[in-house]
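Okay, structure first, notes after.
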Amino acid sequence: MAEITASMVKDLRERTDAPMMDCKKALTEAEGDMTRAEEILRVRFGNKASKAAGRVAAEGTVGISIAADGKLGTLIEVNSETDFCAKNEEFLKFVGELAQVVNENNPADIEAVANAPMRGETAEAVRAQLVGKIGENITPRRFVRTEAQGKLYSYVHGSKIGVLVDLVGGKDIAMHIAAAKPKSLDASGVDAALIEAERRVAIEKAKEAGKPDAMLEKIADGTVQKFLKEVTLLSQAFVKDDKMTIEQLLKSKGASVASFTMYTVGEGIEKAVVDYAAEVAAAAKV
């Protein structure tokens, strides 16, 4: 059996907010598989146990640049060590300019951004100078550069969530995406692993509720359909009018969404937790 360490229990606790002993039991049952343990806790405690998926684990901001004709646009995420740096005017200016540099120069990937021309130098040279001035590590993390079928619209919420939408007619969709956070345009774009996880959780919860075996698949199908309705853009209720889905809104305007991208600063990055009390205690012993 896999060893269940204190750090594993702590990690699962931070992901789910479930009680510590329940986290340990779930990890033991899952033989140390963190993903499976999280599913077990979701069966016991509901969707509260999956809230960590939306947590921001690093600082920084997003930048957006859209050409004047609305046909070409870039969304970029640049990370910093602290939120203090992320609010620095020079840092924000750098991110905005970098989005424009990517839009105009079309680098192949995030590594190639470093060599793009910026302020008469390279983007990497400008970044290095800013790091020296602010005293924090500043890292361009990812970008998407979109050539629109229709016209590009953008929305930034609090500098932490950025959305770029290729919309054929209509507007307000970018703001909706930032608020509702769909995973894809429609069901075909949802990761099969996520769907299977929803199905497994539904079946286990139905079993615990004493539902007969003959009903389990039907219950699971219903749960999956509800999940897909909640996480796919076209099926979501419009945030400005919950009596209308996005699909219905688009049809009423003779519009369609060709594609969209949403970045939330720091998603998927594990942020180091600093124990300041321990650091002070250690320093006092020196």
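Please read these numbers as outputs of a predicted model, since none were measured by experiment. In what follows, residues are counted from 1 in the order of the sequence shown. Values below: every heavy atom of this structure, side chains too, minus hydrogens, waters and symmetry copies.
Shown here are the side chain to side chain contact (heavy atoms under 4.5 Å, CB included) partners of Ala86, two or more places apart in sequence or in another chain: Ser80, Asp83, Phe91, Lys160. The salt bridge (Lys or Arg N to Asp or Glu O under 4.0 Å) search around Glu97 returns Arg119, not counting sequence neighbours. Residues that satisfy the salt bridge (Lys or Arg N to Asp or Glu O under 4.0 Å) test with Arg141, not counting sequence neighbours, are Glu77. Residues satisfying the side chain to side chain donor-acceptor pair (under 3.5 Å) test with Lys218, not counting sequence neighbours, are none. Taking Ala30 as the reference, Asp33, Arg36, Ala37, Ile40 meet the side chain to side chain contact (heavy atoms under 4.5 Å, CB included) condition, with sequence neighbours excluded. Not a single salt bridge (Lys or Arg N to Asp or Glu O under 4.0 Å) links Lys251 to another residue, sequence neighbours left out. Partners of Glu90 under the side chain to side chain donor-acceptor pair (under 3.5 Å) rule, at least two apart in sequence or in another chain, are Lys133. Applying the side chain to side chain contact (heavy atoms under 4.5 Å, CB included) criterion to Met244, with sequence neighbours excluded, gives Asp241, Gln248, Leu249. For the side chain to side chain contact (heavy atoms under 4.5 Å, CB included) test, residues two or more places apart in sequence or in another chain that qualify with Asp221 are Arg199. Take Asp172 and apply the salt bridge (Lys or Arg N to Asp or Glu O under 4.0 Å) test, not counting sequence neighbours, and it matches Lys240.
Between the Lys181 side chain and the Ala178 main chain, a donor and an acceptor come within less than 3.5 Å of each other. Here the side chain of Glu267 pairs a donor or acceptor atom with the backbone of Thr264 at under 3.5 angstrom. Side chain of Glu81 to main chain of Ile138: no donor-acceptor pair is present (N/O by atom type, distance under 3.5 Å, no hydrogens or angles). Side-chain atoms of Asp191 come within 3.5 Å of backbone atoms of Ala193 as a donor-acceptor pair (strictly under, hydrogens ignored). For the pair Asp166 (side chain) and Gln149 (backbone), a donor-acceptor distance under 3.5 Å is present.
Rounded to the nearest 0.5 Å, atoms OG (Ser7) and CG (Leu12) are 11.5 Å apart. Rounded to the nearest 0.5 angstrom, Ile203 CD1 and Glu208 CD are separated by 13.0 Å.
Of the charged side-chain nitrogens involved, none lies within less than 4.0 Å of a carboxylate oxygen, so that Glu59 and Lys87 do not count as a salt-bridged pair. In this structure, Glu230 pairs ionically with Lys226, as a charged nitrogen and a carboxylate oxygen lie closer than 4.0 Å. Ion pair Arg42/Glu39 not flagged as a salt bridge, since none of the NZ, NE, NH1 or NH2 atoms sits closer than 4.0 Å to an Asp/Glu carboxylate oxygen.
Grouping the Ile, Leu, Val, Met, Phe, Trp and Tyr side chains by contacts below 4.5 angstrom, directly or via other members, places Ile76 apart from Ile64.
Taking both residues in full, the closest heavy atoms of Leu41 and Asp22 are given as CD2-O, 3.7 Å, listed atom of the first, atom of the second, then distance. Shown here for Cys85 and Glu136, the closest heavy-atom pair between the two residues is CB-OE1, 3.2 Å.
Arg127 forms no cation-pi arrangement with Phe94, by the criterion of a distance under 6.0 Å to the ring centre and an angle within 45° of the ring axis.
Counting heavy atoms from C-beta outward, Phe238 and Asp242 have side chains that stay 4.5 Å or more apart. Between Leu233 and Val257, the closest side-chain pair of non-hydrogen atoms falls below 4.5 Å.
No more than 12 heavy-atom neighbours from other residues, nucleotides or ligands sit within 6.0 angstrom of NZ on Lys24. Atom CD of Glu89 has 12 or fewer heavy atoms from other residues, nucleotides or ligands within 6.0 Å.
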I'd like a table of donor-acceptor pairs (distance under 3.5 Å, sequence neighbours excluded) in which one partner is a side-chain atom from residues 109-117, with atom names and distances.
residue	atom	partner	partner atom	Å
Asp109	OD1	Glu111	N	3.2
Asp109	OD1	Ala112	N	2.9

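When hydrophobic residues (I, L, V, M, F, W, Y) are linked wherever their side-chain heavy atoms come within less than 4.5 Å, the members clustered with Met215 are Ile219.
Counting only N and O atoms by type, the side chains of Gln236 and Glu247 include no donor and acceptor under 3.5 Å apart.
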